[in-house]
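Heads up: the structure comes next, in structure tokens.
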Amino acid sequence: MRFPMSLYASMTGYLLKKNIRGEASYPLVLMLEPTHRCNLTCSGCGRIREYHDTLHREMSLQECLHAVDEAATPVVTVTGGEPLLYSHIQELVEGLLARGKHIYFCTNGLLMEENLHRFRPSSRFTWNVHFDGTETVHDQIICKQGGFRRALAGVRAAKAAGFRVSTNTTVYRETDVADVERLFEQLTQAGVDGILVAPGFSYGEVTQDVFLTRQEIMEKFRTIRSWDRRFPLISNPIYLDFLTGTRSLQCTPWGNPTRNTEGWKSPCYLITDTHYSTFSELMKRTDWDYYASGKDPRCSQCMVHCGYEPTVVRQMTGKDLLRMIKWNLHV
Ligand code: SF4
């Protein structure tokens, strides 16, 4: 099973509740960035550039939990920065589990092995470890020799300790899909529960020409999606239709709201026009129709999963649902 049944049950219950109440615009996954502090300076990272002046800051535990309650999503992605550097990370994870949330804990894996003892395995807690290629390629992208080995050791130790572990791979213009295939073979052998793969997206703050155009994304992802039966890919099949050009989707920018040290990031995870101090302000004051229309020039090449996967959920037909269930069960 690619995702735990408890996650499906929580998400279905949440969607039913929203539909019964007649709500049209609601979030699905909260992207929580308690700090942007990081132990790496990756070449494709927009956060360490955009938040350069505030990297030292962190949200209080109370602010984090309040944000979780404001958005009230069934799933919380804890990210950053490197969340293992956040001072109250253990209490934050415990607080989320106590609220019945499903947690995707995004980490570069460097500090994972030595921090495992601070957390407990749960079907609601998934480590999500970043790997952008096999050893040489990954170490080059993260600008740190030995990074790949440490992260893979973290993955193996977490699996041995009974944790759920998935991985996340970003595909850039220079990415060689044959290298990604070798990486996925290694990760599958290491016993990971899921492999997420998504195109890199252009932050205004990242000036290097490392990001793909939509045409380039489609070419690379046609190969990647053909591996669906070989590897436990968790990029959902309808989103992959979009990435390979066989389905068109409109962005749902409010689907995965981002809260960080500066407030609620508007309009989306990727681009920042402003930050609001409350979730309600974010929802009321952002011109969602404009961003969903794709008319903003910064949206022209964007196919980012946190913008488009919520659309998949919103527009799901009975046929799509059946397909998703079969896909989750590897049928
Ligand atoms: S298309 Fe991409 S950049 Fe534009 S609002 Fe949606 S997620 Fe943000």
Side-chain angles (χ1 to χ4, degrees), residues 24-33 36 44-51 67 71 73 75-77 79-80 104 106 128 130 168-173 196-218 220-221 234-236 238-260 262-276 279 281-316:
S25 307
Y26 49 84
L28 297 168
V29 177
L30 168 64
M31 309 298 286
L32 184 63
E33 300 174 341
H36 289 126
C45 178
R47 289 301 193 260
I48 54 170
R49 290 165 179 84
E50 178 177 355
Y51 293 100
T73 55
V75 181
V76 178
T77 295
T79 180
Y104 276 80
C106 296
N128 192 26
H130 206 107
N168 184 20
T169 299
T170 306
V171 175
Y172 298 101
R173 175 166 286 154
L196 185 71
V197 53
F201 34 82
S202 174
Y203 289 88
E205 286 70 20
V206 180
T207 49
Q208 298 108 312
D209 194 15
V210 295
F211 299 107
L212 299 153
T213 62
R214 283 194 166 197
Q215 197 50 45
E216 290 166 331
I217 290 170
M218 287 174 198
K220 289 199 195 269
F221 275 82
I234 51 171
S235 308
N236 93 52
I238 299 169
Y239 174 59
L240 284 176
D241 287 348
F242 172 58
L243 289 185
T244 51
T246 57
R247 184 160 177 159
S248 64
L249 292 175
Q250 199 184 28
C251 174
T252 300
W254 62 86
N256 287 18
T258 303
R259 174 66 160 90
N260 61 37
E262 307 314 295
W264 290 93
K265 192 174 182 298
S266 171
C268 66
Y269 180 75
L270 193 55
I271 56 179
T272 314
D273 286 342
T274 189
H275 293 91
Y276 291 111
F279 178 69
E281 260 188 290
L282 169 81
M283 293 303 282
K284 282 186 196 138
R285 295 181 59 187
T286 306
D287 185 352
W288 298 119
D289 289 344
Y290 170 71
Y291 293 107
S293 73
K295 285 184 192 145
D296 191 289
R298 295 168 294 179
C299 300
S300 68
Q301 301 303 317
C302 176
M303 299 178 100
V304 67
H305 59 91
C306 53
Y308 291 89
E309 278 193 322
T311 310
V312 172
V313 177
R314 273 196 328 129
Q315 296 178 349
M316 198 172 300

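We count ligands from 1, going down the list as the structure has it; atoms in each ligand are counted the same way.
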How does V304 reach ligand 1, if at all, at less than 4.0 Å between non-hydrogen atoms: by side chain, backbone, both, or neither? side chain

How long is the gap from CE on M218 to CE on M303, to the nearest 0.5 Å? 4.0 Å

For atom 4 (Fe) of ligand 1, grab the closest protein heavy atom and report residue, atom and distance to one decimal in Å. C299 SG, 2.3 Å

Side chain to side chain contact (heavy atoms under 4.5 Å, CB included), paired with W288, selected from C268, S293, P253: P253

Any chance you could lay out the ring-ring contact (aromatic ring centres under 6.0 Å, His included) test for H305 and Y104, step after step, and finish with the verdict? CA-CA 15 Å; H305 59 91; Y104 276 80; over 10 Å; no

In this structure, atom 8 (Fe) of ligand 1 is nearest to the protein heavy atom C268 SG, 2.4 Å

Please state which protein non-hydrogen atom is closest to atom 3 (S) of ligand 1 and give its distance, to 0.1 Å? L270 CD2, 3.6 Å

Proximal ligand 1 atoms for Y308, defined as those under 4.0 Å from one of its heavy atoms: 1 (S)

Do R298 and Y290 meet the cation-pi criteria used here (NZ or CZ under 6.0 Å from the six-membered ring centre, within 45° of the axis)? no

Taking atom 2 (Fe) of ligand 1 as the reference point, the nearest protein heavy atom with its distance: C302 SG, 2.3 Å

Just to be sure I read this right, does ligand 1 sit under 4.0 Å from the backbone of Y269, its side chain, both, or neither, counting only heavy atoms? neither

Name of the residue among T286, T272, N260 meeting side chain to side chain donor-acceptor pair (under 3.5 Å) with K265: T272

Do L243 and Y308 have side chains that approach each other closer than 4.5 Å (heavy atoms only, starting at C-beta)? no

Is there an N/O/S atom in C251 at a distance below 2.8 Å from atom 6 (Fe) of ligand 1? yes

